[in-house]
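Written out below as structure tokens is the structure these notes cover.
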Amino acid sequence: MSGKSAGQSAVPLVDRLRSIVGSSFVLTSSGSTQRYRTGIRFGTGPVLAVVRPGSLVEQWRVLQACAAAGVIVIMQASNTGLTGGSTPDGDDYDRPIVIVSTLRMASLHLIDEGRQVICLPGATLFHLEKVLRPLGREPHCLIGSSCIGASVFGGICNNSGGSLIHRGPVYTEMTLYARIDEAGQVELINHLGVRLGDDPETILRGLESGEFTAADIDHDTGRAASDRGYEADVRAVDSDTPARFNADPRKLFESAGSAGKVMIFAVRLDTFVRDERTAVFYIGSNDTGEIEGVRRHMLAHFKSLPVSGEYIHRDAYRIAERYGKDTFLAIRHLGTDRLPALFALKGRFDSLVQRLPFLPDGLSDRIMQFVADLFPDHLPKRMTDYRDRYEHHLIVKMAGDGIEEARAWLTSAFPTATGAFFECTADEGEKAMLHRFAVAGGANRYRAVHHREVQDILALDIALPRNTHDWCERLPAEIAAPMLHKIYYGHFFCHVFHQEYIVAKGHDTVVLEHAMWKLLDARGAQYPAEHNVGHLYNAKPALVCHYKSLDPCNCFNPGIGRTSKFAHWR
């Protein structure tokens, strides 16, 4: 199927976009576009316009108009990426940029009694989790993700991982998407496994309204809607390659790993049975080999895989204890449903502050930190005792029969001269998992509060080979010296680590990062592991090949992975 544009109109592009979506949904001023064209940690640049379509048909027409005008299209949902992957990067592009924000199209359709779901572009993990909860089912990722309000599409485009061990990286081969071919023609491709007709606008209108029946859904397409082989991958503890990473060639398929090099309209995903009976075990140790022994034994010998196994270094614990406190309290007392609205309000406030030069940058963060400091200690005493006693912390969540399996083995293995464990109460378990989640935002808050001392954050997410025993990083003195804090945490059983370094004022973070890449290469690490290349990392050859096959004109998100920003990959 293809939809040919009518050619370049005499009406300027911005006017054409306004005629498609309405004037109020086309933003052009510097102030109104600020929060769309600026990443939460990295990346910014000028844009011609930000367009916010309200339907799939409007989105299709916007793409046709942009293709006819020969502009760059950057797709964006929640803009929660940590490497600038859905914003411009500088002003050295050869064409104007239009950002297409999809948040107004947040609906989804449950199919096969909720065993699968079709998500539209603006759907978030929070929304999907809420819809599935009454059915006793869950999405691929839960709150263990690094970003509040993250979109479903963002995970697909980045081959993101998540904290749930037995589900692997988010993945699907079932997508409805548009690409621009070598001749510059817009083509709609329906690999969703749903019969919706042949005309693009008929397909899009019928999908959005749910005008299809169970008989229209194909359940024998031969295409996967999740990574069904990941359990075997993660259990292979003696393999000399990582279990998962963004550029894994095995997981690059059409929209999966596309990083915005096509325009996605819908994805079809598997959902998962919710674990009703769970328990959390909290392990502390001063011996990295002891922690690795827990991982290897559980993966190689347990009948039941852990639900999750999250690592926190003591320094990360302390940063999150103070600078992630308000995130912890907000989730704990307000619930996840209200968080997207609260963070959208924060984004609008920050945008306003940036337009008022007499107000300091990071004002909202400083206010929120001031308020958080007024609250009493929020973490359980047993956790804070372990913080003082042990450098390394491992939070293992088990379900069903795995609870007894873990309880029996941990009781036989601990205590030792260097480590111990305790089984959390329900309240302690919830707080332990929330504290781990709060680590991700702790570095951002620290930078905002201590902006006079901090140059920037150097953030890496790495995947180590599954057979790595010596997983704990030891930096040379010349690299460690400029770092005020080193924050280590991650998905330990997958050997995926988030390593964030708060760099002191006056030091070049790019030089430091490139020096650290050499160290990672020597360790056999793959990076990035789950936040994708954005505009920070060099895309590996397999990833570049994937991008070029999807987008031969380099019309979508050019420059991603530090590739060419110019038309036709010049």
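Since the model is a prediction, treat every value here as computed from it, not as a measurement.
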Check: With distance as the sole test, does Asp248 use its side chain to make a donor-acceptor pair with the main-chain N or O of Phe245 at under 3.5 Å?
Finding: no

Item checked: Main-chain N/O of Thr38 paired to Asn79 side chain as donor or acceptor, under 3.5 Å -> yes

Next item on the list: Starting at CZ of Arg332, measure out to CG of Leu434 and round the result to the nearest 0.5 Å.
Entry: 7.0 Å

Next item on the list: Starting from the C-alpha separation in whole Å, work towards a yes-or-no answer on side chain to side chain donor-acceptor pair (under 3.5 Å) for Ser29 and Ser32.
Entry: CA-CA 5 Å; Ser29 70; Ser32 64; 2.7 Å; yes

Checklist line | Chi angles and distances behind the side-chain contact (heavy atoms from CB on, under 4.5 Å) call for Thr202, Asp198 | finding: CA-CA 7 Å; Thr202 300; Asp198 296 314; over 6 Å; no

Margin query: Rounded at 0.5 Å granularity, tell me how far CZ in Phe556 sits from CG in Leu63.
Written below: 4.5 Å

Notebook entry, point to check: Is a side-chain donor or acceptor of Thr271 paired with a backbone partner of Gly114 at a separation under 3.5 angstrom?
Noted result: yes

Check: Is there a donor-acceptor pair under 3.5 Å between the side chain of Asn246 and the backbone N or O of Val533?
Finding: no

Item checked: Close side-chain approach of Glu58 to Phe25, heavy-atom, < 4.5 Å -> no

Notebook entry, point to check: Does any N or O in the side chain of Gln76 come within less than 3.5 Å of the main-chain N or O of Ser86, such that one atom is a donor and the other an acceptor?
Noted result: yes

Margin query: Within this structure, what is the CG-OG1 distance for the pair Asn557 and Thr87, rounded to the nearest 0.5 Å?
Written below: 8.5 Å

Check: Is any side-chain heavy atom of Ile217 closer than 4.5 Å to a side-chain heavy atom of Asp112?
Finding: no

Note to self: Is it the case that the ring center of Phe272 lies less than 6.0 angstrom away from the ring center of His166?
What the structure shows: no

Note to self: Nearest 0.5 Å, please: how far is OH in Tyr547 from CH2 in Trp569?
What the structure shows: 8.5 Å

Next item on the list: With side-chain contact (heavy atoms from CB on, under 4.5 Å) as the test, would you mind laying out the steps for Leu207 and Phe265 before giving the verdict?
Entry: CA-CA 10 Å; Leu207 176 64; Phe265 291 88; 5.5 Å; no

Check: Can you name the nearest heavy-atom pair linking Leu299 to Phe493, along with the distance?
Finding: CD1-O, 3.5 Å

Checklist line | Test log, rule side chain to side chain donor-acceptor pair (under 3.5 Å), inputs Thr241 and Arg466 | finding: CA-CA 6 Å; Thr241 60; Arg466 285 162 280 182; 2.6 Å; yes

Check: With a 4.0 Å cut-off, would you call Lys397 and Asp275 a salt bridge?
Finding: no

Notebook entry, point to check: Is the backbone N or O of Gly168 less than 3.5 Å from a side-chain atom of His140, with the two atoms forming a donor-acceptor pair by type?
Noted result: yes

Checklist line | Gly90 to Pro46 - nearest heavy-atom pair and separation | finding: O-CD, 3.6 Å

Margin query: Please identify which of these residues, Arg228, Arg223, Arg115, meets the salt bridge (charged side-chain N to carboxylate O under 4.0 Å, His left out) condition with Asp270.
Written below: Arg228

Notebook entry, point to check: What are the two closest non-hydrogen atoms of Ile264 and Cys157, and how far apart are they?
Noted result: CD1-SG, 3.5 Å

Notebook entry, point to check: His191 vs Tyr177 aromatic rings, parallel, tilted or perpendicular, using cut-offs 30° and 60°?
Noted result: perpendicular

Margin query: Please check if the number of heavy atoms outside Asp401 that lie under 6.0 Å from its CG is greater than 12.
Written below: no

Checklist line | Beyond-backbone contact of His535 with Arg562, side-chain heavy atoms, under 4.5 angstrom | finding: no

Note to self: Any side-chain to backbone donor/acceptor pair from Asn159 onto Pro169? Under 3.5 Å, distance only.
What the structure shows: no

Notebook entry, point to check: So which heavy atom on Pro88 is nearest to which on Ile74, and how close?
Noted result: N-CD1, 3.9 Å

Next item on the list: Using atom types as modelled and distance alone, determine if a side-chain donor or acceptor of Arg205 lies under 3.5 Å from a backbone N or O of Ser55.
Entry: no

Next item on the list: For residues Ser78 and Leu103, determine if any side-chain heavy atom of one lies less than 4.5 Å from a side-chain heavy atom of the other.
Entry: yes

Check: Just by modelled atom types, is the Ala224 backbone N or O under 3.5 Å from a matching donor or acceptor in the Glu173 side chain?
Finding: yes

Note to self: So that I can tick it off, tell me whether Arg244 and Asp227 are bridged by a salt bridge, with the cut-off set at under 4.0 angstrom between side-chain N and carboxylate O.
What the structure shows: no

Next item on the list: Apply side-chain contact (heavy atoms from CB on, under 4.5 Å) to the pair Arg61 and Leu204, showing each step before the final yes or no.
Entry: CA-CA 11 Å; Arg61 292 174 180 173; Leu204 296 170; over 6 Å; no

Notebook entry, point to check: Leu164 versus Tyr230: any side-chain heavy-atom pair under 4.5 Å?
Noted result: no

Note to self: Working to the nearest 0.5 angstrom, can you tell me the gap between Tyr93 OH and Phe566 CZ?
What the structure shows: 10.5 Å

Notebook entry, point to check: Heavy-atom distance under 4.5 Å between the side chains of Val273 and Arg137, does that happen here?
Noted result: yes

Check: Can Leu135 and Leu110 be said to form a side-chain contact (heavy atoms from CB on, under 4.5 Å), step by step?
Finding: CA-CA 10 Å; Leu135 303 178; Leu110 298 177; 3.5 Å; yes

Item checked: Shortest non-hydrogen contact from Pro242 toward Ala463 -> CG-O, 3.5 Å

Margin query: For Phe497 and His495, take the angle between the two ring planes, folded into 0 to 90°, and tell me which bin it lands in: parallel under 30, tilted 30 to 60, perpendicular over 60.
Written below: tilted

Check: Does the side chain of Phe212 come within less than 4.5 Å of Ile118's, by heavy atoms?
Finding: yes

Next item on the list: Compare every heavy atom of Ala266 with every heavy atom of Thr175, then report the nearest pair and how far apart it is.
Entry: CG2-O, 3.3 Å

Checklist line | Step-by-step side chain to side chain donor-acceptor pair (under 3.5 Å) determination, Lys261 to Asn554 | finding: CA-CA 8 Å; Lys261 298 301 287 183; Asn554 206 18; 2.7 Å; yes

Note to self: Using modelled atom types and a 3.5 Å cut-off, is there a donor and acceptor pairing between side-chain atoms of Arg268 and backbone atoms of Leu176?
What the structure shows: no

Next item on the list: Evaluate the criterion side chain to side chain donor-acceptor pair (under 3.5 Å) for residue pair Arg37 and Ser30; output intermediate values, then yes/no.
Entry: CA-CA 9 Å; Arg37 56 186 176 84; Ser30 175; 2.8 Å; yes

Checklist line | Atom pair NE2/NZ of His546 and Lys251 - distance to nearest 0.5 Å | finding: 13.0 Å

Next item on the list: Report yes if the side chains of Leu460 and Tyr527 come closer than 4.5 Å at any heavy-atom pair, otherwise no.
Entry: no

